[in-house]
Structures are given as C-alpha cells and as structure tokens.
Amino acid sequence: MAPETSYNGKTEVTGVIGDPVAHTKSPQLQNRIFSMMDENIVYVPFHVAPENLEKAVNGLKGLEVRGFNVTVPHKDKIIGLLDDISEKAKTIGAVNTVKNENGRLVGYNTDAEGFTTSLRNESCRDVENENIVIIGAGGSARAIAAQMAIEGAKSICIINRTESKAAEIADIIGKDLSYKINWFQTEDPLAKEIFRKADIIINTTSAGLSPNTDVSPLTDGYGFWPHQTVFDIIYDPPKTAFLKKAEDAGCDIYNGIGMLFWQGLLSNELWMGRKINKDVAARLHKSFIEDMAK
Ligand code: ATR
C-alpha cells in the first residue's frame, strides 16, 4: 500500500516506543509487512523519555492504537502500566509487544520466541535435543532461557561473570516453569567443560557490541568445537570477536539479525491475529537482511 495514495480515514496505527528510537529498523520491517499483506495500517517510531512513559502509554490507549512495540529502556518499567501481561512475559520480566485488546493494553514478549524461531529457521537445529549454553545473565539471557525451557531443551546452562545474576534467572525459571537450569561463574573450570560439550552456544552479553568490537565474553580456557552451532544476539558488528573465534574453529555461526526479524514478525502476527505464510516470511526476511546491510 503506497502511503501517499492509500492512507485514509480508516488507517490504523502501530509503532514503537523507546529512548533512543531513531536507530530502529522496525518501521521498515513492519510497514513492509503491512504493505505486502495489503493492510491499511502504519507503523511509526515514538520517542518516549523515561519520565513520560506513563503519559505515553495512556495516550496510546486513548488513541486506540492497535498495538505497539516497546524497546530500551521501557521493557520492564512498562509492566506496571498495562492492564495485563502474558504468563511468559511475567517469567521473562519484560514486555516488547503490547496489543490493544478491546481497550485493554496487554503485554507480551516475542523476543524470546524470536530467538528460537531464528534458531530453527536459520541454523535448522531444534531445541528439544540440544544441550544449550547461554553466556550472560541479563534480560536477553532470561528471555532466551525461558523460551528454551518452554520448548523443552535437553539441558540449559548459564555462564556469567556475576554468578548471582545467573542464579537469579535459574531460580525464576525453576519456580515458574519447573525447569532446572545450571549456572556457573565464568572462571569455574566446570563451566569451561560444559561449554566444550554444548551443542548450541549463545552470547547474550553486550561484550563486543560496537564500538567496543574487540571485546569478548570468553576468557582463557574457552574453546569451540566444529560440531557446535554458535549465536551472538549482537548484530552490530555483524561478526563479533566471539563469532570470529567460533568460525575459526569450524562452527556454524549466526548473529542477532534473525532474532530481530522474527520478533518483529511475531509481534505483527499478534496484533493482526493472523499468520504470515512461509513464502511471504522468506521474502520479508531477505529484504530485511538487505536493508540491514545498507
Ligand atoms: P540485556 O538486558 O540486553 O540482556 P544487561 O541486562 O545489561 O543486558 O546484561 C548484560 C549481560 O552482559 C550481563 O550478564 C553482564 O555481566 P554481569 O552480570 O557480570 O554484569 C554481561 N556482560 C557485559 N559486558 C561483559 C563483558 N565485557 N564480559 C562478560 N560479560 C559481560
């Protein structure tokens, strides 16, 4: 749907709230989906400073928007401002998608499933029979660990610089999902052994994020093996020092672009209450990757 000719009195609104928000690639992705599906909806970025979050949420409710994405730094703070949140978002402790359900704002989290969808689609590995190691214990680690537990991973181990944060995630997932997660401090020799035996390894730390591209979360004694599939949820730079090391060892490597794409597609499906078929998703995926390379 070409905006200048097709937006009209019936056009509905979706968007993203964040601070900063100018860097977001979501409008390109979401507007392309609406266009491909021939839907009369627009997706716009809204800059919302932390002190304006409550006003913004009430405003979006008053404007009867169909839904919106939530990005940094609002993903956890928004929870108390919504009418309801999904069980999964509660376990993850973060909302990245809000849907207006007959005037009630309901919070969901598609980041987590965005990651496992990326894993299944891009690496063609599943979750069920795999031993998973997650490096880091922030919000992204918690989301990915919860989703892996829900999808029945064979084992999950969190390795983090600060042990207590890893223990906290294991505790929450143990209580909410009755799934036992192991955790270790990075320097524990057992952590290095479990790392060696893992099938899938995911870096969720910010180590290596641009502009600090030479940093890696791995310390001495960590090594990859060729049978391992290795993810970094960072996509800027496209290949972190962590991924380069894995590639040199012969592993299959993937960055965070897939997660970014799939979480957006899942949010869109949630707002619209319809699925996007595989062929359309593949075309959207291709054009998103091309956009990201620009
Ligand atoms: P997010 O919510 O995006 O996951 P976060 O909550 O800031 O981000 O979490 C960042 C994670 O990266 C933390 O687990 C952090 O380790 P600590 O728990 O010890 O703080 C980890 N991290 C950040 N920089 C790191 C580095 N240089 N080496 C190892 N771990 C690092």
Side-chain angles (χ1 to χ4, degrees), residues 16-21 23-26 50 69-79 88-97 107 109-116 118-119 132-149 156-173 181-188 191-192 194-195 198 201-224 230-237 240-246 255-260 262-264:
V16 54
I17 60 170
D19 179 25
V21 79
H23 64 284
T24 180
K25 299 281 182 190
S26 295
N69 284 129
V70 184
T71 188
V72 179
H74 305 313
K75 286 186 184 189
D76 52 349
K77 314 238 173 21
I78 198 169
I79 291 175
K88 195 200 287 184
K90 223 176 273 175
T91 298
I92 292 170
V95 161
N96 79 323
T97 305
N109 189 301
T110 67
D111 284 330
E113 197 180 339
F115 178 79
T116 53
S118 167
L119 183 123
I132 317 276
V133 162
I134 296 172
I135 314 292
S140 309
R142 182 164 159 187
I144 290 171
Q147 187 67 30
M148 293 281 195
I156 303 173
C157 178
I158 298 178
I159 297 172
N160 194 43
R161 193 171 58 177
T162 310
E163 195 174 351
S164 60
K165 286 204 211 162
E168 206 177 304
I169 295 177
D171 186 48
I172 292 162
I173 291 175
I181 288 183
N182 292 313
W183 75 91
F184 293 98
Q185 202 281 330
T186 314
E187 290 312 322
D188 190 321
K192 297 177 188 181
I194 287 176
F195 187 94
I201 299 168
I202 308 144
N203 175 39
T204 70
T205 77
S206 46
L209 187 65
S210 195
N212 305 313
T213 53
D214 53 348
V215 183
S216 159
L218 301 180
T219 54
D220 286 351
Y222 279 95
F224 293 102
V230 179
F231 279 83
D232 197 323
I233 67 164
I234 293 173
Y235 53 84
D236 179 20
T240 55
F242 176 83
L243 284 186
K244 273 187 203 142
K245 192 170 176 190
N255 68 19
I257 288 184
M259 178 179 178
L260 187 67
W262 291 106
Q263 61 79 27

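Start at 1 and go down the list; that is how both ligands and their atoms are numbered. Everything numeric here is computed off the predicted structure, so don't read it as measured data.
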Counting from 1, what ligand 1 atoms have a heavy atom of [X] closer than 4.0 Å?
X: Ala137; value: 14 (O)
X: Lys165; value: 17 (P), 18 (O), 20 (O)
X: Ser206; value: 12 (O), 23 (C), 24 (N)
X: Ala207; value: 25 (C), 26 (C), 27 (N)
X: Ser140; value: 1 (P), 2 (O), 3 (O), 4 (O)
X: Gly139; value: 1 (P), 2 (O), 4 (O), 6 (O)
X: Gly136; value: 14 (O)

Minimum side-chain heavy-atom gap [X]-[Y] below 4.5 Å:
X: Phe242; Y: Ile201; answer: yes
X: Met148; Y: Phe115; answer: yes
X: Ile144; Y: Phe231; answer: no
X: Lys75; Y: Asp111; answer: yes

Partner of Asn109 by side-chain contact (heavy atoms from CB on, under 4.5 Å), out of Val95, Thr97, Asn96, Val70: Asn96

Under 3.5 Å, N or O to N or O, is Thr205 touching ligand 1 that way? no

Is there a donor-acceptor pair under 3.5 Å between the side chain of Gln185 and the backbone N or O of Arg161? yes

Verify atom 7 (O) of ligand 1: protein non-hydrogen atom under 4.0 angstrom away: no

Mark yes when over 12 heavy atoms from residues, nucleotides or ligands other than Trp262 sit less than 6.0 Å from its CH2; otherwise mark no. yes

Part of Asn160 within contact of ligand 1 (heavy atoms, under 4.0 Å): side chain

